[in-house]
Amino acid sequence: MRAEDAEVFSRAIAAVKGEGRYRVFADIQREQGRFPHAKLRMADGSRRDIVVWCSNDYLGQGQSPEVISAMHAAACKVGAGSGGTRNISGTTSYHVDLEAELAQLHGKESALLFTSGYVSNDATLSTFGKLFPDLWIFSDELNHASMIEGIRRAKATVRVFRHNDLQHLESLLNEAPPGAPKLIAFESVYSMDADVAPIGAICDIAEAYGAMTYLDEVHGVGLYGEGGGGIAERDGQMHRVDFIEGTLAKAFGVMGGYVTGPSAAIDAIRSFAPGFIFTTSLAPSLAAAALESVRLVRACPHMRTRLAERAERLKQMFADAGLPVMPSTTHIVPLLVGDAALCKQISDTLLFDHGIYVQPINYPTVPRGTERLRFTPSPFHDDALMEKLLDALVAVWAQLNLERAA
């Protein structure tokens, strides 16, 4: 490598460090059966007990004995890997059964598995552009990076509407030729701002303009609705959404992503999406674990009830203590900090002084000046853990002379 080429990398890292948002990954070891407790490896090699407050394993299913048992049984039965792409040798009964279960979860005709939620968004949305050369895509401005990338690669005509602004969406739809194919892409739960989309109203607009709808339920699936189908199920709108995308790595605690929809459309995505065709499929053990988790979560609405209660309690505790909790109508509890370096300092102090692990959320995940700490209480974060967290936050706020509400 030339010296001037190496300098490009060094300057890039120096810029991130200068903004105070350079990340040093914490070496954490989760412990089976003790979620949300974990072990942090220190610089001297020793380990200390910590409590994880920012996991996307929202229901603790990654530690479920039933899920672990299903994974273990599949690995012992068929081995570690899938053996190839789905087109060659990577399809097993675990994959087929999981896709059928996911289609049922969302009330759709068919489902297709991907290696992650990022890949499912990117591959599906970019493939729409191949199938519809004159496609217009209307994208919420706060959509996830995976959706933005897929839409960019679709090479369609793109219009970005202001977040949850129905009037703006409709005005942009009026720009499209009446006969052009149209797709509205949005999320159910916006995980950094902790708000939800008006799914029914968006479907009304889509139907009026003849547009397809694509809904990312990554942070909603498993957590809302009687059967865990997400915000769309909770709001009675699931049947109106054309495509619902989700993940197996959050509420279901495993790994992978998927998209559900009409059989003909899913078959076309399967046949044309490079992100599906050229990627080794999920290990059968992962598919088996995810299948068991989906079935458990669908059958256990009390998990969702407990999660909602925990989140509301934590929001109220923060508010009562005068901490800058941001508005949230979901299970996500963000605390506004507003400065990248300060956000990291708070995070480090909580970790090393109080054994509390919560990561700073900085640009480009959120706009500069809106940096925050993002807490995700689970059904397993009991009152004692919440009290310990609150005491630590109050102490850190005082230590750093940060303002608190009256």
Side-chain angles (χ1 to χ4, degrees), residues 85-87 106 108-166 168-188 190-191 197 199 202-203 205-219 232 240-247 256-279 364-365:
T85 68
R86 293 286 295 278
N87 289 344
H106 293 293
K108 302 304 177 190
E109 292 177 349
S110 191
L112 188 65
L113 283 173
F114 293 86
T115 50
S116 74
Y118 188 105
V119 174
S120 58
N121 270 333
D122 181 20
T124 301
L125 288 166
S126 61
T127 299
F128 282 144
K130 295 180 181 179
L131 300 173
F132 299 93
D134 54 346
L135 179 65
W136 284 59
I137 299 179
F138 302 86
S139 174
D140 189 289
E141 67 175 339
L142 294 188
N143 277 342
H144 189 264
S146 58
M147 300 176 74
I148 295 170
E149 180 63 16
I151 290 168
R152 184 190 66 81
R153 296 200 308 110
K155 297 181 179 179
T157 300
V158 180
R159 295 290 184 269
V160 177
F161 61 94
R162 291 186 291 270
H163 178 52
N164 282 347
D165 189 331
L166 302 180
H168 190 216
L169 169 61
E170 193 161 7
S171 71
L172 294 176
L173 280 161
N174 277 308
E175 296 181 10
K182 295 175 278 291
L183 176 74
I184 303 173
F186 60 109
E187 299 185 40
S188 63
Y190 290 86
S191 62
I199 298 174
I202 291 176
C203 287
I205 292 173
E207 291 166 4
Y209 286 85
M212 298 177 287
T213 46
Y214 181 95
L215 176 64
D216 177 319
E217 279 273 24
V218 161
H219 292 275
R240 302 179 67 194
V241 179
D242 295 305
F243 299 94
I244 296 179
E245 182 269 351
T247 183
Y258 62 88
V259 63
T260 67
S263 292
I266 298 301
D267 198 20
I269 295 165
R270 180 185 68 87
S271 301
F272 285 89
F276 174 82
I277 296 170
F278 298 106
T279 302
T365 306

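Note that this is a predicted model, so its numbers are computed, not measured. Numbers here are sequence positions counted from 1. Hydrogens, waters and symmetry mates play no part in the numbers below; they use all other heavy atoms, side chains included.
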Strictly distance-based, threshold 3.5 Å: is any side-chain N or O of [X] a donor or acceptor partner for the main-chain N or O of [Y]?
| X | Y | value |
| --- | --- | --- |
| E187 | H144 | yes |
| H168 | R162 | yes |
| T247 | V218 | no |
| D242 | G261 | no |
| N143 | A185 | yes |
| K130 | A273 | no |

Interatomic spacing from [atom1] in [X] to [atom2] in [Y] - rounded to 0.5 Å:
| X | Y | atom1 | atom2 | result |
| --- | --- | --- | --- | --- |
| R86 | L113 | CZ | CG | 6.0 Å |
| F161 | I184 | CZ | CD1 | 6.5 Å |
| I269 | L131 | CD1 | CG | 7.5 Å |
| M147 | S126 | CE | OG | 12.5 Å |
| T127 | D122 | OG1 | CG | 8.5 Å |
| S171 | D165 | OG | CG | 7.5 Å |

- side-chain contact (heavy atoms from CB on, under 4.5 Å) evaluation trace for V259 with Y214: CA-CA 9 Å; V259 63; Y214 181 95; 4.1 Å; yes

Between [X] and [Y], is any pair of side-chain heavy atoms under 4.5 Å apart?
| X | Y | value |
| --- | --- | --- |
| I277 | T85 | no |
| D216 | F186 | no |
| L173 | K182 | yes |
| L166 | I202 | yes |
| I205 | F138 | no |

For a quick test of reading the model, state the closest non-hydrogen atom pair linking [X] to [Y] and the distance between them.
| X | Y | answer |
| --- | --- | --- |
| G246 | S120 | O-OG, 4.1 Å |
| F132 | P181 | CD2-CB, 3.8 Å |
| V119 | G275 | CG1-O, 3.7 Å |
| A180 | W136 | CB-CD1, 3.9 Å |
| N164 | A197 | OD1-CA, 3.6 Å |

- Could you please spell out the steps behind the side-chain contact (heavy atoms from CB on, under 4.5 Å) verdict for F114 and N121? CA-CA 9 Å; F114 293 86; N121 270 333; over 6 Å; no

- Message: Run the side chain to side chain contact (heavy atoms under 4.5 Å, CB included) test against T279 and tell me which residues pass, sequence neighbours left out.
- Response: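 Only T115 meet the side chain to side chain contact (heavy atoms under 4.5 Å, CB included) criterion with T279.
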
- Can you name the one residue among I151, L135, T213 that meets side chain to side chain contact (heavy atoms under 4.5 Å, CB included) with L183?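 It is L135; the other options fail the test.
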
- Query: H163: what forms a ring pair (Phe, Tyr, Trp, His ring centres under 6.0 Å) with it, not counting sequence neighbours?
  - Reply: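 In terms of ring pair (Phe, Tyr, Trp, His ring centres under 6.0 Å), with neighbours along the sequence ignored, H163 is linked to Y190.
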
- Step by step, would you call T124 with E245 a side-chain contact (heavy atoms from CB on, under 4.5 Å)? CA-CA 9 Å; T124 301; E245 182 269 351; over 6 Å; no

- Message: Within the supplied structure, the quantity of interest is the number of heavy atoms (other residues, nucleotides, ligands) at a distance under 6.0 Å from F272 CZ; does it exceed 12?
- Response: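 No - once you tally the heavy atoms of other residues, nucleotides and ligands closer than 6.0 Å, there are 12 at most.
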
- F128 and F243: aromatic ring centres closer than 6.0 Å?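 Yes: the rings meet the under 6.0 Å criterion.
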
- All salt bridge (Lys or Arg N to Asp or Glu O under 4.0 Å) counterparts of E109, not counting sequence neighbours: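 Testing E109 for salt bridge (Lys or Arg N to Asp or Glu O under 4.0 Å), a comparison that skips the adjacent residues, returns none.
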
- Message: If you apply the rule side-chain contact (heavy atoms from CB on, under 4.5 Å), what do you find for S188 with I199, and how did you get there?
- Response: CA-CA 7 Å; S188 63; I199 298 174; 4.3 Å; yes

